[in-house]
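Notes follow once the structure below has been shown.
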Amino acid sequence: MKLISLVIPCYNEREGLSTLLDRLDRVVMELRKQINVEVILVDDHSTDGSNLAIRELCRERDYLRFIRLSRNSGSQVAVIAGMKYAKGDSAVFLAADLQDPPELIAQMIAKWNEGYDVIWAVRERREGVSKTSVFFSNMFYRLLNGMTEIRFPKTGADFALLDKKVVLGLVSSAGSKPSLGALISWLGFKQTEIPYVKEARKFGKSKWTLRKKLNAFADAFVGFSYLPMRFMSLIGFVAAALGFIYAIVVAVLRFAVGNPIEGWASLMVVILIIGGLQMLMLGVLGEYLWRNLEESRKRPLFLIEDQEGIES
Ligand code: UDP
Ligand code: MG
C-alpha cells in the first residue's frame with residue numbers, strides 16, 4: 001500500500017489540539033482502508049506549551065509524528081519543514097484549526113490516482129470572515145496573477161495534495177523567503193482544483209496577523225515579479241521626457257518671447273515630486289536587494305528544536 005503524509009502547521013493551537021486529533025483519528029481510520037497515513041504536526045515554536053501536549057498525543061497514536069521549529073517562522077516555512085521529513089508517496093498540507101476539512105482528502109486522493117500531481121482545494125465560500133478581508137484577499141490574488149508570471153489558484157492556497165516529486169521540488173527550491181502557493185504553482189506538473197467551503201475557525205483566533213500578511217504579499221511579489229522594477233524604468237523615462245520638453249518650452253519662452261518664467265513654487269513642486277519618486281524607487285529596489293542578501297547568506301530556512309518519530 002502507498003503512504004500519504006498529512007503536514008499540519010500549529011502555532012499556539014493548544015486549546016484545539018484534542019478536537020483536531022479526534023477528527024484526525026476518524027479520518028485516518030477511514031483513509032487507512034485504501035492507503036497508509038502518517039501525520040506530521042509542525043509546532044511553529046508555540047509559546048502555549050503545545051509541544052508538550054503534542055508529545056503526549058504522539059505517545060497515544062502510531063500515525064502521529066512531530067517536529068518543533070527553533071523559532072516562529074510562519075506557516076509556510078512550517079509546511080516546508082514538515083514536507084522535508086514527510087515519507088509519503090504524496091503529502092497534504094492543511095491548517096490545524098479545522099477550517100480545511102480533512103474529510104476532503106479522500107477526494108484529493110481520488111484525483112491523485114487519476115494521475116494529477118497537484119490537487120488544490122479551492123475555497124468557493126468562506127464562513128466567518130468579514131467582507132473586507134475577503135475583498136483584500138481577492139485583491140491580493142488578482143494582483144499576483146496579473147503582475148507575475150505564475151497562475152495562482154484564484155482563491156488562495158491553504159490546502160493541497162502534492163505528489164512526491166512535487167514535494168521534492170518544493171523542498172529543494174524553497175529559498176530563504178518561500179511563498180508556498182506561488183512556488184507550487186511555479187513548479188508546474190499536472191495541477192487541478194477541487195472546490196470546498198472554508199468553515200469558520202473552530203477554536204482560538206487567527207494567527208495570521210496583518211504584518212505577516214503584508215510580508216507574505218511582498219515575498220510572493222518580489223519572488224515572482226520584476227514588474228515593479230520595469231515600472232521604475234518606465235516612470236524614469238516618462239519623467240525625463242517631460243523634463244526635456246519643459247526645458248525646451250522654457251528656452252523658447254526666454255529667447256523668443258523674452259519672458260523668463262518665474263517661480264519658486266513650481267521649482268519646489270518639481271523637486272519634491274522627483275525627490276519622492278526617487279525615494280519610492282529606492283525603496284522598491286531595497287525590497288529586492290534585501291531578499292537577495294538574505295538568499296546569499298544561505299542561512300538554514302529552519303532549525304529543529306525537538307522532534308518525535310523523525311529520522312534526520
Ligand atoms: N500558523 C503557523 N505559524 C504562524 C501562523 C500560523 O504555523 O506563524 C498555522 C496555524 O496554527 C494554522 C495555520 O497556520 O494551523 C493557518 O493559520 P490561521 O488559521 O491562523 O490563519 P487563517 O486561517 O486565519 O488564514
Ligand atoms: Mg485558519
Side-chain angles (χ1 to χ4, degrees), residues 6-21 23-24 27 39-51 53-54 57 64 66-86 91-102 104-105 120-141 144 152-153 155-160 174 177-182 196-217 219-220 301-307:
L6 315 190
V7 174
I8 307 182
C10 317
Y11 180 54
N12 292 344
E13 306 279 8
R14 182 177 185 162
E15 54 182 315
L17 277 178
S18 60
T19 325
L20 171 68
L21 267 295
R23 189 94 169 256
L24 283 177
V27 170
V39 175
I40 303 178
L41 291 182
V42 185
D43 172 17
D44 191 11
H45 204 82
S46 301
T47 49
D48 63 350
S50 294
N51 51 324
I54 293 174
L57 293 165
L64 200 59
F66 120 93
I67 50 185
R68 174 173 166 83
L69 303 187
S70 67
R71 61 193 183 88
N72 181 235
S73 318
S75 62
Q76 321 206 38
V77 172
V79 165
I80 290 171
M83 291 286 175
K84 183 166 176 192
Y85 296 100
V92 176
F93 60 88
L94 68 160
D97 56 5
L98 291 173
Q99 287 193 280
D100 316 314
L104 205 71
I105 293 171
W120 293 105
V122 175
R123 51 191 192 218
E124 59 176 8
R125 198 149 51 76
R126 295 171 74 182
E127 287 168 356
V129 193
S130 68
K131 284 227 164 61
T132 35
S133 64
V134 171
F135 172 78
F136 277 113
S137 109
N138 286 345
M139 207 163 77
F140 171 102
Y141 294 114
L144 267 185
F152 200 72
T155 61
D158 306 334
F159 187 14
K177 294 221 163 267
S179 182
L180 190 62
Y196 80 111
V197 176
K198 184 148 185 141
E199 292 159 33
R201 217 175 206 280
K202 291 271 183 294
F203 42 76
K205 284 197 308 240
S206 173
K207 308 299 185 299
W208 268 89
T209 55
L210 184 65
R211 192 170 58 90
K212 282 182 182 170
K213 284 182 185 165
L214 287 177
N215 272 333
F217 179 71
D219 285 342
L301 184 59
F302 60 88
L303 291 171
I304 293 180
E305 182 178 308
D306 192 11
Q307 54 91 10

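Just follow the structure's listing: the first ligand is 1, and inside any ligand the first atom is 1. For the single chain, residues carry numbers from 1 onward in sequence order.
Phe217 contributes atom CZ, which lies 11.0 Å from atom OH of Tyr141 (distance to the nearest 0.5 angstrom).
Checked against a 3.5 angstrom limit, the closest N/O atoms of Ala96 and ligand 1 fall inside it. No N or O atom of Lys198 sits closer than 3.5 Å to an N or O atom of ligand 1. Looking at Pro9 next to ligand 1, an N or O pair under 3.5 Å apart turns up. Not a single N or O atom of Lys205, backbone or side chain, sits closer than 3.5 Å to an N or O atom of ligand 1.
Around the Mg ion (ligand 2), protein N, O or S atoms at less than 2.8 Å comprise Asp97 OD2, Gln99 OE1.
The contact set between ligand 1 and Lys212, taken as ligand atoms under 4.0 Å from a residue heavy atom, comprises 4 (C), 5 (C), 8 (O). Against a heavy-atom cut-off of under 4.0 Å, Lys207 is close to the following atoms of ligand 1: 5 (C), 6 (C), 18 (P), 20 (O). Every atom of ligand 1 is numbered from 1 in the order shown, and the set under 4.0 Å from a heavy atom of Gly74 is 3 (N), 4 (C), 8 (O). Shown in contact with Glu13 at under 4.0 Å from a heavy atom are these atoms of ligand 1, numbered in order with element: 10 (C), 11 (O), 12 (C), 15 (O). Those atoms of ligand 1 with a heavy atom of Cys10 less than 4.0 angstrom away are 7 (O), 11 (O).
Under the 3.5 Å distance criterion, the side-chain polar atoms of Asn72 are matched with a main-chain donor or acceptor of Asp44. Using modelled atom types, one side-chain atom of Asn12 and one backbone atom of Thr47 make a donor-acceptor pair closer than 3.5 Å. Judged purely by atom type and a 3.5 angstrom limit, Ser73 uses its side chain to pair as donor or acceptor with the backbone of Arg71. A donor-acceptor pair under 3.5 Å is formed between the side chain of Gln99 and the backbone N or O of Glu199. A side-chain donor-acceptor contact under 3.5 Å links Ser206 to the backbone of Trp208. One N or O on the side chain of Arg14 and one on the backbone of Asp48 form a donor-acceptor pair closer than 3.5 Å.
Scanning the protein heavy atoms around atom 24 (O) of ligand 1, the nearest turns out to be Ser206 OG, 2.5 Å. With hydrogens left out, the protein atom closest to atom 23 (O) of ligand 1 is Gln99 OE1, 2.6 Å, a heavy atom. For atom 1 (N) of ligand 1, the closest heavy atom belonging to the protein is Ser75 CB, 3.5 Å. Of all protein heavy atoms, the one closest to atom 18 (P) of ligand 1 is Arg201 NH2, 3.5 Å. What sits closest to atom 19 (O) of ligand 1 on the protein, heavy atoms only, is Asp97 OD2, 2.5 Å. Counting only heavy atoms of the protein, atom 13 (C) of ligand 1 lies nearest to Ala95 CB, 3.8 Å.
Shortest non-hydrogen contact noted between Glu13 and Ala96 is CG-CB, 4.1 Å. For the pair Cys10 and Leu41, the tightest heavy-atom approach, listed with the atom from each and the gap, is SG-CD2, 4.0 Å. Across Asp219 and Lys177, no two heavy atoms sit closer than the pair OD1-CD, 3.2 Å. Taking each heavy atom of Ser50 and Leu17 in turn, the nearest pair found is O-CD1, 4.1 Å.
Within the 4.5 Å cutoff, side-chain heavy atoms of Pro102 are placed close to those of Arg23. Contact of the Lys198 side chain with the Asp158 side chain is registered, since non-hydrogen atoms from C-beta on lie closer than 4.5 Å. Side-chain atoms of Leu104 and Leu94, non-hydrogen and from C-beta on, never get closer than 4.5 Å to each other.
Summarising the local packing, NZ of Lys84 is surrounded by 12 or fewer heavy atoms from other residues, nucleotides or ligands at distances under 6.0 Å.
Neither the backbone nor the side chain of Asp158 has a heavy atom within less than 4.0 Å of ligand 1.
Ranked by closest heavy atom to atom 4 (C) of ligand 1, the top entry among Val42, Asp44, Val79 is Asp44. The option from Phe93, Trp208, Tyr11 that lies nearest to atom 25 (O) of ligand 1, judged by heavy atoms, is Trp208.
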